[in-house]
Q: 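Attaching a single structure in structure tokens format; questions to follow.
Just so it is clear, the values below take in all heavy atoms, side chains as well, and ignore hydrogens, waters and symmetry mates.
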Amino acid sequence: MRAVWLKRFGDPSVLVPGEAPDPVPGPGQVVVDVAYANITFVETQFRATGAGPFRAEPPLIPGNGVGGTVGELGPGVDPQLLGRRVVTGTGGAGGYAERVAVPADGLFVVPQGLALDDAVALLADGRTAVMRLRAAGVRAGDRVLVEAAAGGVGSLLVQLAKAVGARVVAVAGGAGKLTLARELGADFAFDYREADWAERVHREVGPIDVVFDGVGGAVGRAAFELLAPGGRMDSYGLASGEWAGITDAQAAAREVRLVSTDRSPEQLRACTEHALAEAAAGRLRPVIGQRFPLERAAAAHAAIESRATLGKTLLETAS
């Protein structure tokens, strides 16, 4: 089968198209014929340095989320799964390929009425957005600041926060991203590349109740300073290359709660299923900003790292 190999850690050029043996499902496993592979920012960090939640050494086939059709069953698997459209995690590797063997109990059957590519776009980002929104306790009337508001998670947070009645403040880099955030429901939009963006938020919006920090660094620290007493800050990403680094003592001094999330398997499954159901019902729209053929995984990684992408980036296996 066709696949993309990570030969060593480094820049995007270390992702090399090649061949790999077809997987064979073991007991309790299925083989998914992959149509789309999901790329996350975390995967670009892993490719570059080996850092992140995955613990593996090259050479390997990267990719932690896929969508496709169940094409083969291992012993002990429900035969009704054969031919079903599914999305699933891979356990950290194997996704950038035409086929992957995964545990059957980790599958999510794609709801009727939801396109497969949309389901893949929601697999990681949808559950993250739902989980973060719940942990922060967003309520109607809250002033919610979403950083990286045109990204995969941020674009979903904008919609979810708006749906519960919050006033949404989108922060992103560039006019196109700000336009997208407004289209998704943001009440205000500010370009964090402008030196006075935080002052403008304070002047035009006032104190912030919730910050979803997907950028980190100076942007995350500036957003923290906008929080009102009793506010909540959830730092979940470091698109800038570093965390915001807000300490418990700093948060306590400002009477701000640093949000932590329940990442139990039960919670992760529940949040994923909720995101898929909301999208199937037409209440949540994943933004797929760019698609690349499987063989151009290196170009996809480079695009994400350049911050030129909108929403989600997918790899397509169709040749």
Side-chain angles (χ1 to χ4, degrees), residues 1-7 9 12 14-17 20 23 29-68 70 86-108 110 116-132 151-153 156 214 236-239 261 263-265 267-269 271-273 275-276 286 288 290-292 294 296-298 300-301 303-305 309 311-317:
M1 67 175 181
R2 295 180 299 130
V4 172
W5 288 91
L6 174 65
K7 298 293 189 178
F9 298 126
V14 300
L15 294 172
V16 180
Q29 289 188 322
V30 303
V31 168
V32 175
D33 295 327
V34 176
Y36 305 98
N38 161 37
I39 304 178
T40 65
F41 181 73
V42 170
E43 289 175 11
T44 68
Q45 295 176 299
F46 174 73
R47 183 221 72 233
T49 66
F54 314 129
R55 293 291 179 265
E57 292 293 328
L60 59 85
I61 299 170
N64 191 43
V66 299
V70 176
V86 297
V87 293
T88 185
T90 66
Y96 296 2
E98 289 185 296
R99 300 177 193 88
V100 62
V102 294
D105 60 8
L107 299 175
F108 296 89
V110 178
L116 181 58
D117 53 353
D118 284 342
V120 177
L122 287 166
L123 177 61
D125 291 350
R127 73 171 173 233
T128 297
V130 170
M131 187 166 50
R132 298 294 178 179
V153 175
L156 299 172
Y236 68 88
L238 63 164
T261 57
R263 296 188 59 83
S264 66
Q267 180 74 349
L268 292 172
R269 173 162 282 275
C271 289
T272 304
E273 290 174 342
L276 293 172
I288 303 173
Q290 43 285 313
R291 305 162 187 261
F292 291 82
L294 178 65
R296 298 194 64 224
H301 274 233
I304 292 172
E305 291 179 332
T309 57
K312 198 67 197 169
T313 303
L314 297 182
L315 294 180
E316 299 181 329
T317 62

Q: When you look at Val87 and Val110, which way does the side chain to side chain contact (heavy atoms under 4.5 Å, CB included) test go after all the steps?
A: CA-CA 7 Å; Val87 293; Val110 178; 4.1 Å; yes
Q: Does a side-chain heavy-atom distance below 4.5 Å link Arg132 with Val153?
A: no
Q: Output all residues satisfying side-chain hydrogen bond (donor to acceptor under 3.5 Å, both in side chains) with Glu305, sequence neighbours left out; order by chain, then residue number.
A: Arg47
Q: Side chain of Thr90, backbone of Gly63: donor and acceptor closer than 3.5 Å?
A: yes
Q: Considering non-hydrogen atoms only, spot the tightest contact between Leu6 and Pro58 and give its length.
A: O-CB, 3.4 Å
Q: Does Val34 reach the side chain of Glu98, with side-chain heavy atoms less than 4.5 Å apart?
A: no
Q: Can you spot which of Val86, Leu123, Leu122 makes a side-chain contact (heavy atoms from CB on, under 4.5 Å) with Phe108?
A: Leu123
Q: So which heavy atom on Thr88 is nearest to which on Gly106, and how close?
A: OG1-O, 3.3 Å
Q: With sequence neighbours excluded, what pairs up with Arg269 under the side-chain hydrogen bond (donor to acceptor under 3.5 Å, both in side chains) test?
A: Glu273
Q: Out of curiosity, Ile304 CD1 to Phe292 CZ, how far, rounded to the nearest 0.5 Å?
A: 8.0 Å
Q: Within the side chain of Arg2, is there an N or O that forms a donor-acceptor pair under 3.5 Å with the backbone of Thr317?
A: yes
Q: Take atom CZ of Arg263 as the centre, draw a 6.0 Å sphere, and report whether it contains more than 12 heavy atoms from other residues, nucleotides or ligands.
A: no
Q: Rounded to the nearest 0.5 Å, how far apart are NE2 of His301 and CG of Leu315?
A: 7.0 Å
Q: Minimum heavy-atom separation for Ala37 and Gly95, please, with both atom names.
A: CB-O, 3.6 Å
Q: Report the distance from atom CG of Asn38 to atom CG of Asp117, rounding to the nearest 0.5 Å.
A: 12.0 Å
Q: Of Val14, Leu15, Ile61, which is the lone residue that meets side-chain contact (heavy atoms from CB on, under 4.5 Å) with Trp5?
A: Ile61
Q: Show the nearest heavy-atom pair for residues Leu294 and Ala97, with the distance to one decimal.
A: CD1-N, 3.9 Å
Q: Indicate the atoms forming the closest heavy-atom contact of Val130 with Ala275, along with that distance.
A: CG2-CB, 4.1 Å
Q: Tell me the closest heavy-atom pair linking Thr313 and Ala300, and the distance in Å.
A: CG2-CB, 4.1 Å
Q: Would you check if the side chain of Glu43 reaches a backbone N or O of Asn64 as a donor-acceptor pair within less than 3.5 Å?
A: yes
Q: Apply the test side chain to side chain contact (heavy atoms under 4.5 Å, CB included) to residues Ile288 and Val120: give CA-CA distance (whole Å), side-chain angles for both, the deciding distance (0.1 Å), then the verdict.
A: CA-CA 10 Å; Ile288 303 173; Val120 177; over 6 Å; no
Q: Determine whether a donor-acceptor pair (N or O, by modelled atom type, separation under 3.5 Å) exists between the side chain of Lys312 and the backbone of Ile39.
A: yes
Q: Once you round to the nearest 0.5 Å, how far does CZ of Arg127 lie from OG1 of Thr261?
A: 11.5 Å
Q: Looking at residues at least two apart in the chain, or sitting in another chain, which of them share a ring pair (Phe, Tyr, Trp, His ring centres under 6.0 Å) with Phe46?
A: Phe9, Phe54
